[in-house]
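Quantities reported herein were computed from a predicted structural model and do not represent experimental measurements.
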Amino acid sequence: MNILGIDIGGSGIKAAIVDTKTGELLSERHRIPTPKPATPEAISKTVKEMIHFFDWKKEVGCSFPTTIVDGTCIHSGNLSTKWLNIKVDKLFKKECKLPFYVGNDADLAGLAEVNLGAGKNENGVIIVITIGTGIGSGLFFNQQLIPNLEIGKMLHTDGKIIEYFTADSVRKKEDLSLKQWAIRFDTLLDYARIVFSPSLIVLGGGISKKYDNFKEHLTTDVNVKVAEFKNNAGIIGAAMYAKQKHKN
């Protein structure tokens with residue numbers, strides 16, 4: 001089944017038509033900058049613009065950058081505080097007149113990676129960590145999603161949440177070298193190892209493309225792989241999620 005997948009991020013909204021059996025993108029990926037401020041009204045209008053760009057008439061899968069429970073945003077994340085308690089799937093459906101299936105971005109990126117990518121055929125506990133504006137995470141046990149794990153919301157030693165210490169946006173803001181940032185990120189990986197004892201951690205997000213340049217600075221004893229679908233994982237997973245939900 002071919003489905004449009006949309007990935008909403010802090011800096012850009014990306015979409016493509018996806019073959020949900022293989023994960024192949026059947027169209028060019030289209031990107032629109034995330035509006036500022038990223039309010040529900042502004043984002044929904046940008047999503048509608050994306051639907052028009054692809055002339056899409058069927059169900060849509062959508063990766064959203066914060067905690068989503070039954071289609072509702074229960075944490076404002078890195079967008080706007082106005083998202084709190086918004087029923088995101090209903091908002092987009094009303095704006096675009098199409099069925100929307102919305103999930104946490106890291107959870108849906110994980111669906112793609114665990115089923116078709118770096119975590120394929122891996123059993124046990126798998127954690128997918130997406131590194132970008134914030135830190136997203138998806139938890140899987142024997143390839144089944146356990147939704148809304150928020151590793152980035154764990155507290156660091158200064159009492160602030162750890163994504164304020166380890167996100168890629170922080171690396172850029174503080175002008176950290178890859179080595180300086182990797183030493184910080186190693187702390188997060190060690191937390192994950194202690195708390196979850198994962199058999200595999202999959203790293204996604206833009207900086208994962210630089211993994212070979214910073215892996216030597218990671219000391220944590222945990223099996224790490226880079227997401228095979230790179231920055232397309234959220235798009236692919238969103239389409240897969242819509243296929244699963246639409247069938248049910």
Side-chain angles (χ1 to χ4, degrees), residues 1-73 77 79-80 82-83 85-117 130 132 136 138 145 147 204 227-248:
M1 182 180 286
N2 304 336
I3 294 180
L4 182 67
I6 299 178
D7 184 9
I8 296 175
S11 60
I13 298 174
K14 301 163 289 186
I17 299 169
V18 179
D19 181 332
T20 56
K21 287 186 177 180
T22 65
E24 179 186 1
L25 299 193
L26 301 176
S27 70
E28 290 293 321
R29 189 177 77 168
H30 185 57
R31 182 185 186 276
I32 303 173
T34 302
K36 306 294 182 188
T39 61
E41 180 182 11
I43 293 285
S44 61
K45 289 187 181 305
T46 305
V47 168
K48 185 177 182 179
E49 182 182 342
M50 192 71 80
I51 295 296
H52 286 168
F53 177 86
F54 286 96
D55 192 25
W56 193 251
K57 308 294 186 185
K58 301 188 296 181
E59 62 272 13
V60 182
C62 183
S63 295
F64 197 79
T66 191
T67 310
I68 297 288
V69 177
D70 295 328
T72 299
C73 175
L79 294 177
S80 163
K82 293 182 178 180
W83 281 101
N85 298 321
I86 292 289
K87 196 91 163 87
V88 185
D89 51 0
K90 285 190 174 181
L91 174 69
F92 291 166
K93 180 179 181 180
K94 181 179 179 181
E95 184 72 34
C96 301
K97 307 298 189 289
L98 295 173
F100 269 77
Y101 300 94
V102 181
N104 171 265
D105 56 352
D107 283 352
L108 302 195
L111 276 181
E113 289 298 333
V114 168
N115 285 277
L116 300 172
T130 57
L145 173 65
E228 288 186 14
F229 294 120
K230 304 290 192 301
N231 264 348
N232 291 334
I235 293 173
I236 296 164
M240 293 172 65
Y241 184 68
K243 177 189 175 185
Q244 291 178 4
K245 291 294 184 180
H246 195 68
K247 286 174 64 177
N248 294 333

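Judged as a salt bridge (Lys or Arg N to Asp or Glu O under 4.0 Å), the pairs with a partner in residues 5-20 (not counting sequence neighbours) are, in order, Asp7-Lys14.
Partners of Asp107 under the salt bridge (Lys or Arg N to Asp or Glu O under 4.0 Å) rule, at least two apart in sequence or in another chain, do not exist in this structure. For the salt bridge (Lys or Arg N to Asp or Glu O under 4.0 Å) test, residues two or more places apart in sequence or in another chain that qualify with Lys87 are Asp89. A search for side chain to side chain donor-acceptor pair (under 3.5 Å) contacts involving Asp55 returns Lys57, not counting sequence neighbours. For Lys97, the salt bridge (Lys or Arg N to Asp or Glu O under 4.0 Å) criterion is met by no residue, not counting sequence neighbours. Contacts of Thr34 classified as side chain to side chain donor-acceptor pair (under 3.5 Å), with partners at least two apart in sequence or in another chain: none. Applying the side chain to side chain contact (heavy atoms under 4.5 Å, CB included) test to Glu59 and every residue at least two apart in sequence or in another chain returns Met1, Ile3, Pro99, Tyr101, His246. With sequence neighbours excluded, no residue forms a ring pair (Phe, Tyr, Trp, His ring centres under 6.0 Å) with Phe54. Residues forming a side chain to side chain contact (heavy atoms under 4.5 Å, CB included) with Lys94 (at least two apart in sequence, or on another chain): none. Considering only residues two or more places apart in sequence or on other chains, Trp83 meets the ring pair (Phe, Tyr, Trp, His ring centres under 6.0 Å) condition with Phe64. Listed by chain and residue number, nothing satisfies the salt bridge (Lys or Arg N to Asp or Glu O under 4.0 Å) test with Lys93 (two or more places apart in sequence, or in another chain). Arg29 pairs by the side chain to side chain donor-acceptor pair (under 3.5 Å) definition with Asn232, not counting sequence neighbours.
Side-chain contact between Asn85 and Cys73: absent, with no pair of heavy atoms (C-beta onward) separated by less than 4.5 Å. Looking at heavy atoms from C-beta onward, Ile6 lies in side-chain contact with Ile51 at the 4.5 angstrom threshold. Between Thr72 and Val69, every side-chain heavy-atom pair lies at or beyond the 4.5 Å cut-off. Side-chain contact between Ile13 and Glu49 is absent, with no heavy atoms from C-beta onward closer than 4.5 Å. No side-chain heavy atom of Met50 sits less than 4.5 Å from a side-chain heavy atom of Val60.
Heavy-atom contacts from other residues, nucleotides or ligands closer than 6.0 Å to NZ of Lys45 number 12 or fewer.
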